[in-house]
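Here's the structure we're looking at; comments come further down.
All values below were derived from every heavy atom in this structure, side-chain atoms included, with hydrogens, water molecules and symmetry-related copies excluded.
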Amino acid sequence: MTSSDPQILHISVRIDRPAGEVYDYASDPRNLPAWASGLSSSITENDGSWVADSPMGKVSVSFAPHNDYGILDHEVTLPTGETVHNPVRVIPDTAGCDVVFTLRRQPGMSDADFRRDAETVTADLATLKHLMERA
């Protein structure tokens, strides 16, 4: 994890699978519970919207349209009504790729909560790596 701004962390993982395969898997909301437990233990589609059971309660999740650039951005609307934008990129590199999640500290978030969020994202990316590399 590195960043020059203490309010932003770029958390990344190297995955030894082609970027297109990682993107296709990670961009399918139905796969979120398998690799992103920090966001979703289950997810369902309801009239074109995705609703996830998360550690924060039921949340709405909307995803960037499928694209050729590896953009996996998603917005999470919390039970409070607050929406959090999460930039995520799958960046090709020879036969593998890097997945980079930009974690932004939310207003009023304590150091401990920010650190806990970073640990959760790091664990989720490690799970994605494990799932993709065993395929």
State, yes or no, whether a side-chain contact exists between [X] and [Y] at a heavy-atom distance under 4.5 Å.
X: P29; Y: E45; value: no
X: V59; Y: P79; value: yes
X: M56; Y: T80; value: no
X: R89; Y: D98; value: no

Please report the shortest heavy-atom distance between [X] and [Y], naming the atom on each side.
X: D16; Y: E133; answer: N-OE2, 2.7 Å
X: S42; Y: P33; answer: CA-CG, 3.7 Å
X: L39; Y: S54; answer: O-CB, 2.8 Å
X: C97; Y: P92; answer: CB-CA, 4.2 Å
X: E21; Y: M132; answer: O-CE, 3.6 Å
X: P87; Y: D73; answer: CA-OD1, 3.2 Å

With rounding to the nearest 0.5 angstrom, report the [atom1] to [atom2] distance, [X] to [Y].
X: R105; Y: D111; atom1: CZ; atom2: CG; answer: 4.5 Å
X: D124; Y: F101; atom1: CG; atom2: CZ; answer: 8.5 Å
X: I11; Y: E119; atom1: CD1; atom2: CD; answer: 9.5 Å
X: K58; Y: I43; atom1: NZ; atom2: CD1; answer: 10.5 Å
X: N67; Y: Y23; atom1: CG; atom2: OH; answer: 3.5 Å
X: D113; Y: R116; atom1: CG; atom2: CZ; answer: 4.5 Å

Do [X] and [Y] sit in the same hydrophobic cluster, where Ile, Leu, Val, Met, Phe, Trp and Tyr count as joined when their side-chain heavy atoms come under 4.5 Å apart?
X: V76; Y: I71; value: no
X: L9; Y: I91; value: no
X: L72; Y: V100; value: no
X: V121; Y: Y25; value: yes
X: V88; Y: L131; value: yes

Query - Salt bridge flag under 4.0 Å for residues D117 and R104 - result: no
Query raised in the report: Run the side chain to side chain donor-acceptor pair (under 3.5 Å) check on D53 and S41 step by step: do they pass?
Result: CA-CA 6 Å; D53 289 314; S41 60; 5.0 Å; no
